[in-house]
J.: 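Once you've had a glance at the structure underneath, I'll fire off some questions.
This chain uses plain numbering: 1 for the first residue, then up along the sequence.
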Amino acid sequence: MEEFVILVSPDDRVTGLMEKQQAHVNGLLHRAFSVFLFNSKGEMLLQKRASGKYHSPQKWTNAVCSHPRNGETYLEGAQRRLKEELGIEAELSEKFHFIYKADVGNGLWEHELDHVFTGIFESEFHLNKDEVEEVRYISPGDLDREMTENPEDFTEWFKIILQEYKHQL
């Protein structure tokens with residue numbers, strides 16, 4: 001099934017739809033969301049992207065990142081992808097939104113108006129192995145250390161979004 005992203009202006013006015021991979025080749029601004037999940041100890045959930053992903057395979061990133069579909073709110077898209085990728089439901093709160101552009105390799109760009117959500121989750125996952133290879137919780141200190149020592153193990157957008165998240169705290 002062909003996936004489309006919603007192209008937008010910097011103030012979130014819809015300018016059109018485009019096939020997802022083509023939007024990433026062209027580096028065009030589109031709607032996106034990112035979800036950060038935590039456990040009661042304050043550890044962040046990371047997912048390792050599946051090896052079959054067309055960009056950034058087998059890299060660690062936040063719980064869920066994706067794009068709302070046409071006619072879907074950012075929150076509805078985030079809830080949908082939690083179910084599709086991790087097999088879970090969680091209550092989410094929107095924290096902020098911002099625009100970023102990241103080179104993700106192979107001539108592809110993420111240029112997104114990204115709405116960032118957070119939530120708490122401490123139960124079982126039912127991973128979609130086409131999307132997610134594995135998940136783990138990590139403390140903020142250990143995450144900072146791993147990202148400093150092995151930045152190539154993490155998605156480019158996660159590095160940017162995490163810095164913005166820390167700035168917003």
Side-chain angles (χ1 to χ4, degrees), residues 1-37 44-119 121 125-136 152-165:
M1 181 177 105
E2 233 180 5
E3 290 252 1
F4 290 84
V5 295
I6 302 166
L7 303 177
V8 292
S9 64
D11 61 350
D12 203 18
R13 281 191 320 243
V14 175
T15 60
L17 296 176
M18 183 175 279
E19 190 277 323
K20 181 173 74 171
Q21 190 163 353
Q22 190 60 49
H24 290 148
V25 168
N26 294 344
L28 298 177
L29 183 62
H30 56 276
R31 287 181 175 169
F33 53 80
S34 298
V35 177
F36 287 3
L37 290 179
M44 180 184 287
L45 181 75
L46 298 182
Q47 71 148 280
K48 189 173 195 180
R49 290 170 57 84
S51 59
K53 300 295 273 184
Y54 77 93
H55 72 76
S56 309
Q58 296 195 301
K59 290 189 181 274
W60 290 101
T61 197
N62 51 294
V64 168
C65 291
S66 194
H67 311 94
R69 291 181 175 151
N70 194 28
E72 186 176 59
T73 67
Y74 288 96
L75 178 59
E76 289 167 345
Q79 294 283 14
R80 173 179 50 80
R81 289 306 285 173
L82 282 177
K83 192 81 161 153
E84 290 173 356
E85 292 186 26
L86 303 176
I88 66 168
E89 293 180 10
E91 188 173 319
L92 300 176
S93 301
E94 184 171 348
K95 295 303 180 190
F96 62 93
H97 63 274
F98 76 117
I99 293 173
Y100 74 92
K101 190 170 187 177
D103 181 347
V104 296
N106 298 322
L108 301 172
W109 293 86
E110 286 287 10
H111 188 193
E112 299 186 330
L113 172 61
D114 191 28
H115 285 244
V116 179
F117 295 88
T118 61
F121 186 80
F125 296 95
H126 304 282
L127 303 181
N128 176 346
K129 292 297 189 170
D130 291 334
E131 299 285 342
V132 181
E133 190 166 303
E134 63 181 287
V135 293
R136 65 182 168 123
E152 69 282 356
D153 291 348
F154 297 88
T155 64
E156 291 304 314
W157 64 87
F158 179 50
K159 296 172 200 176
I160 294 167
I161 298 165
L162 184 60
Q163 288 308 309
E164 187 68 21
Y165 177 79

J.: So which heavy atom on Val132 is nearest to which on Ala50, and how close?
T.: N-CB, 3.9 Å
J.: Can you classify the ring geometry of His97 versus His115 as parallel (below 30°), tilted (30 to 60°) or perpendicular (above 60°)?
T.: parallel
J.: Quick one: pull up CZ in Arg49 and CZ in Phe154 and give me the separation to the nearest 0.5 Å.
T.: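 With rounding to 0.5 Å, CZ (Arg49) is 14.0 Å from CZ (Phe154).
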J.: Looking at OH of Tyr74 and CD of Glu94, how far apart are the two atoms once the value is rounded to the nearest 0.5 Å?
T.: 8.5 Å
J.: So which of Thr118, Val116, Val35 actually passes side chain to side chain contact (heavy atoms under 4.5 Å, CB included) with Leu92?
T.: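 Result for side chain to side chain contact (heavy atoms under 4.5 Å, CB included) with Leu92: Val35.
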J.: Measuring from Thr15:OG1 to Asp12:CG, what's the distance to the nearest 0.5 Å?
T.: 10.0 Å
J.: Roughly how far apart are Leu113 CG and Tyr100 OH, rounded to 0.5 Å?
T.: 10.5 Å
J.: Check whether any side-chain heavy atom of Phe36 lies under 4.5 Å from a side-chain heavy atom of Lys95, and answer yes or no.
T.: no
J.: In Å, rounded to the nearest 0.5 Å, how long is the span from NZ of Lys101 to CD of Glu156?
T.: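 Rounded to the nearest 0.5 Å, the NZ-CD separation comes out at 14.5 Å.
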J.: Can you name the nearest heavy-atom pair linking Ala63 to Leu86, along with the distance?
T.: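 Smallest interatomic distance, heavy atoms only, reads O-CD1, 3.9 Å.
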J.: Considering all heavy atoms of both residues, which atom of Phe117 and which atom of Ala78 are nearest to each other, and what is their separation?
T.: CD1-CB, 4.2 Å
J.: Compare every heavy atom of Ser34 with every heavy atom of Asn62, then report the nearest pair and how far apart it is.
T.: ND2-CB, 3.7 Å
J.: Short question: side chain of Gln47, backbone of Val135 - any donor-acceptor pair under 3.5 Å?
T.: no
J.: Quick one: closest heavy-atom pair of Ser51 and Pro57, and the distance?
T.: O-CB, 3.5 Å
J.: Has Arg81 got a side-chain atom pairing as donor or acceptor with Val64's backbone, closer than 3.5 angstrom?
T.: no
J.: Looking at side-chain heavy atoms only, is the closest gap between Glu133 and Trp60 below 4.5 Å?
T.: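 The answer is no; the side chains never approach within 4.5 Å.
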J.: Spell out, as yes or no, whether a donor-acceptor pair under 3.5 Å connects the side chain of Lys53 to the backbone of Gln58.
T.: no
J.: What are the two closest heavy atoms between Pro68 and Ile6, and how far apart are they?
T.: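 Closest approach of Pro68 to Ile6, heavy atoms only: O-CD1, 3.7 Å.
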J.: Would you indicate whether the side-chain heavy atoms of Val14 and Arg31 approach each other to under 4.5 Å?
T.: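 Arg31 reaches Val14 side chain to side chain.
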J.: Nearest 0.5 angstrom please: Met44 CE to Leu162 CG, how far?
T.: 5.0 Å
J.: Checking His30 side chain against His111 main chain: does a donor-acceptor pair fall under 3.5 Å?
T.: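 Side chain of His30 to backbone of His111: a pair is present.
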J.: Salt-bridge test for Glu76 and Arg69: reply yes if a basic N is under 4.0 Å from a carboxylate O, no otherwise.
T.: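 No, this pair does not count.
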J.: Tell me every residue that passes ring-ring contact (aromatic ring centres under 6.0 Å, His included) with Trp157, counting only those two or more places apart in sequence or in another chain.
T.: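 Per chain and number, Trp157 pairs via ring-ring contact (aromatic ring centres under 6.0 Å, His included) with His55.
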J.: Given side chains that start at C-beta, do those of Leu45 and Phe121 come closer than 4.5 Å, heavy atoms only?
T.: no
J.: Is the backbone of Phe98 close enough, under 3.5 Å, to the side chain of Asp114 for a donor and an acceptor to pair up by distance?
T.: no
J.: What residues, two or more places apart in sequence or in another chain, satisfy side chain to side chain contact (heavy atoms under 4.5 Å, CB included) together with Gln22?
T.: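 For Gln22, the residues satisfying side chain to side chain contact (heavy atoms under 4.5 Å, CB included) (neighbours in sequence not counted) are Met18, Glu19, Val25, Asn26.
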